Amino acid sequence: MSTTAVAPQTIATGTQHEFGNEWDWYREILPMHEEQFRRWIQPLTPEFFAGKSFLDVGCGVGRNSYWPLKAGASRCLAIDYDERTVAVAKTNLASFENAEVRFQSVYELDLQNELDIAFSIGVIHHLADPRQAVERMVTALKPGGSLILWLYGHEGNERYLAVIDPLRRYVTNKLPPPATRWLARAMTVVLRGYLQLPHRKPYLQLLRQMTFRHLEAIVFDQLIPSIAHYWRKDEVEQLIAGLPLTNVRLTHTNGMSWTVVADKVS
């Protein structure tokens, strides 16, 4: 896990633009996305955002900003480093006058003690310098403000990491995006069949409720990044170690990922 400062333009190439293809194709906000968001920010809820300002790092199409805004957040600053993605997010959040969507790298973020909440859902584990990104987020928080991170976990993904992740690392992140999309579609057919079997894992039960297109977007999302960290619990703890944070809560979300909730020292 690198903590070395790297030029923003160097870090921001590659993975961020790979996701631009995803958000260009899968741009809608669905009711099921609210259930996902609620799980990712536990033990908090969207209602926690009411009356508060927040930063969404790596906002994608804006679906994770949508639910806090709907719950009554006072201000939204959503940033992403792909122009197509930012354009879609601006459209999806256009009904909220208090939402600002910026084309900006998290490494260039220069806010200090300004926002009540800073969160990043499914982004930090794709960055070349995750520590620097988290530091910028903490700096943007007011004293007493809340940091929320949702990260891929190693625990609970052992079989996936042994079988599917090598396909991403050695094949699919190097393919033209349309080819990867067709492969994702084929894999989704297999996944839909697998999900019809009895499952006890909460996440698999959630996936069973999703539409084919929603599942396809999730599969595509797994196949395209050139960087994807799957962190063990101690690595997540190390990611935030030494930062001015207190009241740290670490949840093994869906039995296969990590949610970090912490407060900035007052």
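From a predicted model like this one, the values you see are computed outputs, not experimental measurements. Computed from heavy atoms alone, side chains included, the values below leave out hydrogens, waters and symmetry copies.
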Please determine whether side-chain contact (heavy atoms from CB on, under 4.5 Å) holds for the pair Tyr230 and Tyr160, giving the CA-CA distance in whole Å, both sets of side-chain angles, and the decisive distance to 0.1 Å. CA-CA 11 Å; Tyr230 286 79; Tyr160 171 87; 3.2 Å; yes
For side-chain contact (heavy atoms from CB on, under 4.5 Å), just list the numbers for Arg185 and Val189, CA-CA rounded to whole Å, side-chain angles, deciding distance to a tenth of an Å, and then say yes or no. CA-CA 7 Å; Arg185 191 163 295 170; Val189 172; 5.5 Å; no
Walk me through whether Tyr152 and His125 qualify under ring-ring contact (aromatic ring centres under 6.0 Å, His included). CA-CA 7 Å; Tyr152 289 167; His125 47 239; 3.6 Å; yes
Any chance CD of Glu97 has more than 12 other-residue heavy atoms, nucleotides or ligands included, within less than 6.0 Å? no
Can any side-chain N or O of His252 pair as donor or acceptor with the backbone N or O of Gly156 at less than 3.5 Å? no
Would you say Thr253 and Trp258 are linked by a side-chain donor-acceptor pair, where the criterion is simply a distance under 3.5 Å? no
Only one of Val171, Asp165, Thr172 passes side chain to side chain contact (heavy atoms under 4.5 Å, CB included) with Leu223, and that residue is Thr172
For His214, the option from His33, Glu28, Gln209 that meets side chain to side chain contact (heavy atoms under 4.5 Å, CB included): His33
I want to check something: taking the side chain as every heavy atom from C-beta on, are Leu243 and Val134 in contact at a cut-off of under 4.5 Å? yes
State, yes or no, whether a side-chain contact exists between Val219 and Asp221 at a heavy-atom distance under 4.5 Å. no
For the backbone of Arg84 and the side chain of Asp82, can you confirm whether one donor and one acceptor N or O come within less than 3.5 Å of each other? yes
Closest contact, heavy atoms only, Pro68 versus Phe54: CB-CE2, 3.7 Å
Between His229 and Ile124, is there a side-chain heavy-atom distance shorter than 4.5 Å? no
About how many Å separate CG of Leu69 and CZ of Arg75, when rounded to the nearest 0.5 Å? 12.0 Å
Can Arg181 and Glu216 be counted as an ion pair, charged N to O under 4.0 angstrom? yes
Closest non-hydrogen atom pair, Ala50 against Ala71: CB-O, 3.5 Å
Contacts of Asp234 that satisfy side-chain hydrogen bond (donor to acceptor under 3.5 Å, both in side chains) - sequence neighbours left out: none
When you look at Thr211 and Leu215, which way does the side-chain contact (heavy atoms from CB on, under 4.5 Å) test go after all the steps? CA-CA 6 Å; Thr211 65; Leu215 285 174; over 6 Å; no
Sequence neighbours excluded, every pair satisfying side chain to side chain donor-acceptor pair (under 3.5 Å) that has a member inside residues 45-54: Arg38-Glu47, Thr45-Glu47, Ser53-Asp116
Residue set satisfying salt bridge (Lys or Arg N to Asp or Glu O under 4.0 Å) with Arg102, at least two apart, ordered chain then number -> Glu100
In this structure, CG of Leu147 is separated from CD1 of Ile117 (nearest 0.5 Å) by 10.5 Å
Any side-chain heavy atom of Leu149 within less than 4.5 Å of one from Met137? yes
Using a 6.0 Å cut-off, check whether atom NZ of Lys174 has over 12 heavy atoms from anything other than its own residue. yes
Nearest atoms (heavy-atom pairs only) where Pro31 meets Trp67: CA-CH2, 4.4 Å
Between atom CG of Asn92 and atom CD1 of Ile29, what is the distance when rounded to the nearest 0.5 Å? 4.0 Å
Looking at Ala133 and Leu127, what are the two nearest heavy atoms and their distance? CB-CD1, 3.6 Å
Does the pair Ile41 and Phe119 meet the rule for a side-chain contact (heavy atoms from CB on, under 4.5 Å), with working shown? CA-CA 9 Å; Ile41 66 170; Phe119 73 81; 5.8 Å; no
Does the side chain of Ser120 reach to within under 4.5 Å of the side chain of Trp150, using non-hydrogen atoms? no
Got a second to check how far Gln222's CD is from Arg168's CZ, nearest 0.5 Å? 9.0 Å
Flag, side chain of Asn247 to backbone of Asp263, donor-acceptor distance under 3.5 Å: no
Note: Phe48 and Ser146 closest approach over all heavy atoms is CZ-OG, 3.5 Å
Can we call the ring centroids of Tyr66 and Phe96 under 6.0 Å apart? yes
Under the side-chain hydrogen bond (donor to acceptor under 3.5 Å, both in side chains) rule, collect the residues that match up with Asn98, sequence neighbours excluded. none
Distance, nearest 0.5 Å, that separates CD of Gln205 from CG of Asn254: 10.5 Å
Leu239 side chain near Leu151 side chain, heavy-atom distance below 4.5 Å: yes
Establish, from distance only, whether the side-chain atoms of Tyr203 and Gln36 form a donor-acceptor pair under 3.5 Å. no
Suppose we screen for salt bridge (Lys or Arg N to Asp or Glu O under 4.0 Å). Which residues come up paired with Glu35, at least two apart in sequence or across chains? Arg39
Just how far is it from atom CE of Met256 to atom NZ of Lys201, taken to the nearest 0.5 Å? 6.0 Å
Please enumerate all residues that pass side-chain hydrogen bond (donor to acceptor under 3.5 Å, both in side chains) together with Asp56, with sequence neighbours excluded. Ser65
For Thr85 and Gly60, which heavy atoms make the closest approach, and how far apart are they? CG2-O, 3.1 Å
